[in-house]
Each structure stands twice: as structure tokens, then as C-alpha cells.
Amino acid sequence: MESFRVERSSDFLKTRSNIERVQTTLDEDRRITLQELEERVGISKATLHSIITEDLEISKVIARWVPKVLSKKQKRERVRVSKELLSRYNAEEDFLDRIVTEDETGFHYYEPESNSQSEQWKRRDEPVPIKVKAENQQGREWQQYLGWEGIIHLDWLPEKTTINSDYYVDELKKLHQAIKRQMRGKLTRGVLLQHDNARPISDLAPSDYWLFGELKRPLRGKRFEDFKRLEYEI
């Protein structure tokens with residue numbers, strides 16, 4: 001019996017002309033969605049996906065956020081501190097329970113775009129697109145202290161105020177009272193305060209990895225006229 005191959009319906013539409021049209025459209029707008037591409041080119045999503053991934057070998061990626069560059073010395077110090085913390089965790093039974101991390105972040109009256117909004121098409125031989133963290137946006141600074149049990153103390157930095165020694169001493173006094181009220185016995189055992197944004201161990205606070213991101217996610221794309229509306233939304 002003569003063998004035969006069943007052609008996929010998408011194969012009939014994968015002509016050189018259609019492939020070139022898709023490539024031209026993607027080159028013109030790297031952030032175009034499959035739905036928008038379908039409407040513009042007039043080819044089904046299944047065929048478009050086959051052309052993009054198989055014929056053009058293009059994938060969609062999220063722009064990589066570029067933080068401040070650390071020197072080799074700072075990187076080595078990060079490794080040293082991380083190993084020291086791991087060693088203490090293995091040696092001290094209540095090590096994690098005694099840690100209180102200090103961290104702060106800015107909440108702006110408008111956050112431009114999320115990672116998913118910054119997705120764009122990229123060929124294999126092209127570098128990953130980057131985006132720079134937005135600076136100097138109007139908003140308020142949030143400072144919080146986080147323990148094993150959750151947020152212990154938080155405060156909004158007053159407008160036109162910078163964190164100096166007097167302000168920080170006052171915050172530590174508030175933190176002391178908050179721990180005394182909420183976590184009996186922690187002060188007796190000794191609190192281990194981890195300061196975020198203190199070189200070279202910045203960005204090690206757990207809030208950088210889950211808390212701040214989850215708080216800001218619903219705010220993206222919304223514009224707030226003043227601080228009261230922003231605070232209410234949070």
C-alpha cells in the first residue's frame with residue numbers, strides 16, 4: 001500500500017508570502033499580540049504560532065530589568081555574608097525566628113507597565129531587550145519591618161522628608177514597642193535586625209521577592225491623583 005502523509009491545515013497557509021508578511025509585521029511592532037497579528041495578517045493563531053516558532057524561530061520574552069551593577073568585591077562580599085547566614089541557620093535553632101528585616105519601597109501615583117506588558121518578540125540571535133527602572137516619579141516611600149510572623153511595623157515616610165539618623169532612631173523606637181506588644185519573648189532572646197539597601201547585602205530581604213511585587217501588581221496601569229487615594233487602594 002502506498003504510504004501517505006496527512007498534512008496539517010496550517011501547512012497549506014505557510015507559504016513564503018505569508019511567512020514574509022508575518023516577519024515584516026513583527027519587525028514593525030515587536031510587542032504585537034497574536035490576536036492583533038491575526039487581525040492584521042488574516043491568518044489563524046495556530047498557523048501564526050507555527051510560522052513564528054518553527055519557520056522564523058522567534059519567541060516572546062520579557063524585558064530584563066537591569067539593577068545597579070555590583071563590583072566584583074561587592075559580589076564576593078554578598079557570597080561571604082550569605083554563607084555566614086546559612087552557617088548560623090544550621091547552628092542556631094531559632095535563628096530565623098529572631099530575624100527582623102527592614103526594607104522600603106516607593107509607591108508611585110502611576111506605575112508605567114508590568115513585565116507582561118513589556119513582552120515582545122525576539123529572534124534566537126538577538127539580545128534580550130532591557131528596561132530601566134523608572135526614577136524620580138511622584139509618590140510616597142513605604143518603610144516596613146518584617147518578621148517570621150509577618151509585618152511587625154510599617155510607616156509612610158512624610159513628604160519632602162529623607163531618612164536621616166534622627167528619623168531612623170525614632171523608627172527603631174517604634175519597632176521596639178511593636179515587637180514588645182506583638183511578640184512576647186523575642187526581645188529577651190535577642191532580635192537580629194537585617195538592614196536592606198546596606199551594601200553589599202542589598203536586595204536580600206524577603207519583601208523584595210514577594211511582598212512588594214504582590215502589593216504593586218493591582219496598581220499597575222492606574223493613575224492616582226493624591227496620596228490618600230493611593231493609600232486607600234493599597
Side-chain angles (χ1 to χ4, degrees), residues 1-72 74-76 78-79 82 86 103 105-137 139 196 202-224 233-234:
M1 180 181 293
E2 183 179 355
S3 62
F4 64 93
R5 182 169 63 93
V6 177
E7 299 283 355
R8 295 179 301 174
S9 60
S10 60
D11 291 337
F12 294 107
L13 297 177
K14 290 172 62 175
T15 62
R16 180 178 297 276
S17 175
N18 282 340
I19 293 174
E20 290 178 351
R21 289 171 61 202
V22 173
Q23 181 174 350
T24 300
T25 306
L26 290 177
D27 287 340
E28 293 174 350
D29 183 3
R30 291 299 182 92
R31 295 193 178 187
I32 191 171
T33 64
L34 272 180
Q35 182 175 350
E36 293 170 339
L37 194 59
E38 179 184 22
E39 296 172 353
R40 188 176 302 181
V41 181
I43 302 176
S44 69
K45 290 181 181 178
T47 304
L48 286 172
H49 185 270
S50 179
I51 290 176
I52 291 171
T53 58
E54 297 175 9
D55 297 277
L56 299 179
E57 295 186 337
I58 295 177
S59 59
K60 204 164 192 182
V61 297
I62 297 175
R64 178 170 55 90
W65 176 68
V66 182
K68 294 181 179 179
V69 178
L70 296 178
S71 67
K72 290 183 178 181
Q74 289 173 324
K75 291 179 180 179
R76 287 195 298 267
R78 273 193 171 195
V79 173
S82 297
L86 181 60
D103 202 0
T105 189
F107 284 90
H108 304 119
Y109 295 153
Y110 178 74
E111 294 286 347
E113 63 178 14
S114 64
N115 284 339
S116 60
Q117 292 171 328
S118 71
E119 285 184 325
Q120 57 181 283
W121 298 103
K122 181 191 80 69
R123 293 188 179 89
R124 286 186 178 181
D125 58 348
E126 293 178 327
V128 175
I130 65 174
K131 61 179 180 179
V132 180
K133 183 179 180 180
E135 300 288 351
N136 300 324
Q137 294 191 65
D196 194 51
S202 62
D203 300 329
L204 288 180
S207 45
D208 282 322
Y209 294 90
W210 63 274
L211 178 60
F212 292 156
E214 291 301 316
L215 284 175
K216 292 181 179 181
R217 193 187 310 278
L219 306 179
R220 295 191 180 278
K222 297 182 180 180
R223 194 177 297 275
F224 301 96
E233 188 73 15
I234 295 173

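Note: hydrogens, waters and symmetry copies are ignored here, and every other heavy atom, side chains too, is used. FYI, the numbering just counts along the sequence from 1.
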Colleague: Not counting sequence neighbours, which residues clear side-chain contact (heavy atoms from CB on, under 4.5 Å) with E126? List them please.
Modeller: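 E126 satisfies side-chain contact (heavy atoms from CB on, under 4.5 Å) with R30, K122, R123 once adjacent residues are dropped.
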
Colleague: Going by side-chain contact (heavy atoms from CB on, under 4.5 Å), name the residues that satisfy it together with T25, two or more places apart in sequence or in a different chain.
Modeller: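 Listed in chain order: I32, L37, R40, V41.
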
Colleague: If you measure from CD1 on I51 to CD on Q23, what distance do you get to the nearest 0.5 Å?
Modeller: 11.0 Å

Colleague: Sequence neighbours left out, what passes side-chain contact (heavy atoms from CB on, under 4.5 Å) with T24? Give chain and number order.
Modeller: E28

Colleague: Under the side-chain contact (heavy atoms from CB on, under 4.5 Å) test, which residues partner R223, sequence neighbours left out?
Modeller: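 If we apply the side-chain contact (heavy atoms from CB on, under 4.5 Å) test to R223, skipping adjacent residues, the hits are Y110.
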
Colleague: Can you check whether K45 reaches H49 side chain to side chain, under 4.5 Å on heavy atoms?
Modeller: no

Colleague: Please round to the nearest 0.5 Å and tell me the distance separating atom CG of D27 and atom CD1 of I58.
Modeller: 7.0 Å

Colleague: Under the rule for salt bridge (Lys or Arg N to Asp or Glu O under 4.0 Å), what residues qualify as partners of R217, not counting sequence neighbours?
Modeller: E214

Colleague: As an exercise, state the distance from CZ of R21 to CG of L48, rounded to the nearest 0.5 Å.
Modeller: 9.5 Å

Colleague: Between T47 and N18, is there a side-chain heavy-atom distance shorter than 4.5 Å?
Modeller: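 Sidechains of T47 and N18: no contact.
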
Colleague: With sequence neighbours excluded, what pairs up with K216 under the side chain to side chain donor-acceptor pair (under 3.5 Å) test?
Modeller: T105

Colleague: Holding to salt bridge (Lys or Arg N to Asp or Glu O under 4.0 Å), I want the full list of residues that pass it with D55, two or more places apart in sequence or in another chain.
Modeller: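 Salt bridge (Lys or Arg N to Asp or Glu O under 4.0 Å) list for D55, sorted by chain: K14.
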
Colleague: Which residues satisfy the side chain to side chain donor-acceptor pair (under 3.5 Å) test with E233, sequence neighbours excluded?
Modeller: K222

